[in-house]
Number of protein chains: 2
Amino acid sequence: MTPVSARPTLATVAARAGVSPSTASLAFSGSPRVAPPTRERVLTAAAELGYAGPDPIAASLRRGRSGVIGAFVGERLLYAFRDPVAIQLLDGITEVLGAHDVGLLLLAGDTGRPSVAQIARIPLDAAIFATCGLEDDPALDLLLARGVPVVAVEGPVVDGVVLVDVDDRAGTADLARHLHGLGHRRVEIVAMPLRLDGRRGPVDAARRARAHYRDVRHRLEGVEEVFGPVPAFETASNAVDEGVHAGRVLLDVPPARRPTAVLAQSDVLAAGVLQAAAQLGLDVPGDVSVAGFDGADLHWLGATRLTTVVQPTDEKGRRAAQAAMDLVDGTRPADTVLPVALRIGTTTGPPAR
Amino acid sequence: MTPVSARPTLATVAARAGVSPSTASLAFSGSPRVAPPTRERVLTAAAELGYAGPDPIAASLRRGRSGVIGAFVGERLLYAFRDPVAIQLLDGITEVLGAHDVGLLLLAGDTGRPSVAQIARIPLDAAIFATCGLEDDPALDLLLARGVPVVAVEGPVVDGVVLVDVDDRAGTADLARHLHGLGHRRVEIVAMPLRLDGRRGPVDAARRARAHYRDVRHRLEGVEEVFGPVPAFETASNAVDEGVHAGRVLLDVPPARRPTAVLAQSDVLAAGVLQAAAQLGLDVPGDVSVAGFDGADLHWLGATRLTTVVQPTDEKGRRAAQAAMDLVDGTRPADTVLPVALRIGTTTGPPAR
DNA sequence: AGCTCCCATCGAATCGATTCGATACGCGGG
DNA sequence: CCCGCGTATCGAATCGATTCGATGGGAGCT
């Protein structure tokens with residue numbers, strides 16, 4: 001009669017243990033309101049029936065939360081995770097979420113399929129925009145319409161979204177001052193993508209006006225705070241080979257037109273520029289100084305210590321996750337701006353001549 | 001009277017549109033059984049009320065599935081994602097899941113906190129063991145007890161778990177034959193961790209008997225198929241610096257005792273061995289041949305073309321995801337073994353003398 | 001011995017949507 | 001003119017657990 005395949009429910013277990021479903025529920029949740037012998041009886045009955053605990057879906061419905069928090073990363077995973085900063089950020093996020101037994105769901109901006117359909121179908125308690133700050137993202141609209149709390153790391157800046165930010169502008173300005181102090185006057189920037197349309201090349205005013213990403217904008221502004229207008233070369237993605245490409249474009253020119261310092265907007269791009277310099281037989285920092293941003297752990301740089309602006313990436317992740325947890329709990333944390341610190345390495349020095 | 005904050009439900013919308021909740025549900029699911037004008041009326045009412053669509057949690061309960069599939073990666077994210085193969089695998093997985101509007105939840109074997117508590121709380125339709133094949137993982141037991149379908153990539157091999165495998169052994173044997181054919185007789189192996197206990201050093205029989213990972217075992221066996229017993233040096237994690245360390249241990253010895261070829265069990269480790277060789281002033285493949293496994297995209301290798309065994313990592317991910325989807329749909333796909341291909345690069349050649 | 005208080009357990013409502021079988025209505029054919 | 005059939009909509013059961021307020025019984029105190 002009773003089909004073997006039918007998975008037992010809490011009610012089944014309760015019946016076998018001779019208690020009401022409510023008591024069985026209390027027993028499983030470890031409430032002190034249930035007497036130890038009773039709990040024992042329930043647990044035994046469960047074991048006998050092969051019941052592994054309350055169904056998470058049903059519990060989610062009743063509790064009103066699913067225990068899942070979504071993290072949006074731009075592009076597809078394959079590219080997003082080439083970026084060590086993205087990984088470290090996610091690591092910081094999981095650290096906090098894991099401590100709350102909350103899971104992290106990855107939402108990749110898979111160009112092919114908008115993740116909007118996923119959001120409509122997947123139960124999310126909150127969402128973190130980890131590496132993609134688009135104010136006009138349709139996914140963002142949907143989340144807000146649904147009343148799903150949203151945390152944004154470095155943007156988008158929208159009403160009702162908690163912002164976890166880093167002082168990109170001040171950090172880059174510090175770095176720029178360092179280079180200015182060394183005597184550099186002809187510097188150029190290797191910029192991360194202003195939008196994800198695969199474009200690369202010099203950044204003009206029109207392009208800049210259509211920039212998507214706050215951090216990129218702020219890192220441009222920080223340099224200009226010190227040097228005034230500075231030529232910037234945009235890369236198609238934040239990857240080493242893009243840095244190499246940009247580096248060759250900027251450095252493979254007659255020495256008179258060559259910048260004495262290149263500020264890359266990320267350590268990954270800086271690593272590429274270093275490679276380009278090496279390929280062109282240029283000495284760093286003798287012929288050209290190179291600086292990055294992030295303070296990432298680039299094991300493949302070897303002994304070279306890159307001059308960079310260190311941002312607390314893992315702390316950023318932890319803050320974002322904590323903010324998300326707070327929002328789920330109904331409190332609204334304040335926006336945060338984390339400080340950064342200039343770290344001078346061996347890749348910057350006084351300009352030649 | 002009506003609190004503004006109360007989010008409208010399907011019933012509210014239905015009432016406003018003058019239809020029953022069932023019809024409203026049909027309208028949202030896009031069923032052809034509802035007349036277009038009616039659907040229109042429902043959608044309008046929803047828009048007016050700020051209703052963004054059916055609650056995913058409630059829908060999950062009724063449907064019996066949550067639209068979330070969990071992927072287990074060993075260690076914590078920060079280390080797991082240093083491995084380009086893991087990332088590519090995950091990318092393949094998301095490609096398929098995304099096409100089905102299913103989300104990928106990351107479960108990291110955060111040593112501190114077992115993910116068991118997460119599994120108990122998070123609604124999962126299926127789970128994929130992506131990079132950690134432990135037969136005795138308590139998480140695995142819990143999933144099976146819950147009746148959650150499980151797919152294992154390269155293990156664990158357990159009843160009721162669908163296996164997506166790669167022919168590690170045959171691939172490594174091919175590679176070994178290549179080296180044997182070149183004349184190598186004194187080869188050594190740089191092995192990936194046999195278990196995740198941070199140990200590194202020579203592998204002895206006792207250690208080997210306690211090996212956790214099938215792929216590691218198979219890659220050892222493939223070499224032995226050709227060369228017989230071969231010394232192996234175990235690394236603490238699959239990372240470049242571990243490869244460097246192992247490389248120095250194996251290569252920084254008197255030439256007479258130095259292996260003429262080093263087989264690393266992954267491209268990442270091989271990259272480390274190449275670095276070690278360079279540091280020691282050894283020519284590759286003049287003084288020592290180096291080979292890897294994976295066919296990974298290691299941008300930081302530069303022009304060096306590593307001899308390796310190419311495995312279809314993205315296809316492995318897609319297969320695993322497809323298997324998971326099939327299981328969710330109630331069909332049980334067969335186990336798979338994917339083929340690999342030897343790719344000869346510039347890092348192997350005949351031994352000196 | 002009687003009264004009170006407290007602790008363990010229970011009942012019942014609720015979370016919000018989905019889905020199947022039933023119903024009502026309108027139209028065409030005999 | 002009536003019957004039958006098809007289509008659009010509706011009712012009600014169901015998914016499985018949680019939780020709050022209520023109840024009953026036993027222990028402690030006077």
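Naming convention: chains lettered A, B, ... in sequence-line order (proteins, then strands); numbering from 1 in each chain. Basis for what follows: all heavy atoms, side chains included, without hydrogens, waters or symmetry-related copies.
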Novice: Under 4.0 Å between a side-chain N or O of A:Arg63 and OP1 or OP2 of D:dT18?
Specialist: yes
Novice: Would you say the side chain of B:Val102 lies within less than 4.5 Å of the side chain of B:Val68, judging by non-hydrogen atoms?
Specialist: no
Novice: Think A:Ser25 has a side-chain N or O under 4.0 angstrom from the OP1 or OP2 of D:dT18?
Specialist: yes
Novice: Consider the side chain of B:Pro54, meaning its heavy atoms from C-beta on, and name the nucleotide among C:dA17, D:dC10, C:dA8 that approaches it most closely.
Specialist: C:dA17
Novice: May I ask you to decide whether A:Asp165 forms a salt bridge with A:Lys316, counting only side-chain N to carboxylate O separations under 4.0 Å?
Specialist: no
Novice: Taking the minimum atom-to-atom distance to the side chain of B:Leu61, which one of D:dT18, D:dC15, C:dT9 wins?
Specialist: D:dC15
Novice: Any side-chain donor-acceptor pair under 3.5 Å between B:Asp326 and B:Thr331?
Specialist: no
Novice: Given D:dA17, C:dC10, C:dT18, which nucleotide is nearest the side-chain atoms of B:Leu10?
Specialist: C:dT18
Novice: When the distance from CG of A:Asp55 to C1' of D:dT14 is rounded to whole Å, what number comes out?
Specialist: 14 Å
Novice: Atom CD1 of B:Ile57 to atom C1' of C:dT18: distance rounded to whole Å?
Specialist: 16 Å
Novice: Whole angstroms only, please: what is the CZ-P distance between A:Arg65 and D:dT18?
Specialist: 14 Å
Novice: Do the side-chain N and O atoms of B:Thr12 and B:Thr9 include a donor-acceptor pair separated by under 3.5 angstrom?
Specialist: yes
Novice: Could you check whether B:Arg65 pairs with B:Asp329 (Lys NZ or Arg NE/NH1/NH2 to Asp/Glu carboxylate O, under 4.0 Å)?
Specialist: yes
Novice: Across the strands shown, which category fits A:Leu26 at heavy-atom distances under 4.0 angstrom: base, sugar-phosphate, nothing?
Specialist: base
Novice: Measure the distance from CZ on A:Arg62 to C1' on C:dG16 and round it to the nearest whole Å.
Specialist: 12 Å
Novice: Just by distance, do the side chain of B:Ser60 and the backbone of B:Pro56 share a donor-acceptor pair under 3.5 Å?
Specialist: yes
Novice: Ignoring the backbone of B:Val34, work out which of C:dA8, D:dT9, C:dT14 is nearest its side chain.
Specialist: D:dT9
Novice: Would you mind reading off the distance between A:Phe28 atom CZ and D:dT18 atom P, rounded to a whole angstrom?
Specialist: 10 Å
Novice: Of all the choices, C:dA12, D:dC15, D:dC10, which nucleotide is nearest to the side chain of B:Ser22 once you look at every atom?
Specialist: D:dC10
Novice: May I ask you to check whether A:Ser31 and A:Ser29 show a side-chain donor-acceptor distance below 3.5 Å?
Specialist: no
Novice: State whether B:Tyr51 places a side-chain N or O below 4.0 Å from either non-bridging phosphate oxygen (OP1 or OP2) of C:dA17.
Specialist: yes
Novice: Between C:dG11 and A:Ser20, counting only base atoms on the nucleotide and side-chain atoms on the residue, is there a donor-acceptor pair under 3.5 Å?
Specialist: no
Novice: Between D:dG16 atom C1' and B:Arg146 atom CZ, what is the distance in whole Å?
Specialist: 12 Å
Novice: Could you check B:Ala58 against B:Thr23 and say which one's nearest nucleotide on DNA chain D is further toward the 5' end?
Specialist: B:Thr23
Novice: Please tabulate the protein-to-nucleotide N/O contacts below 3.5 Å involving nucleotides 21-28 of chain C, giving atom names and distances.
Specialist:
from   : atom 1 : to      : atom 2 : distance (Å)
C:dG21 : O6     : B:Arg33 : NH2    : 3.4

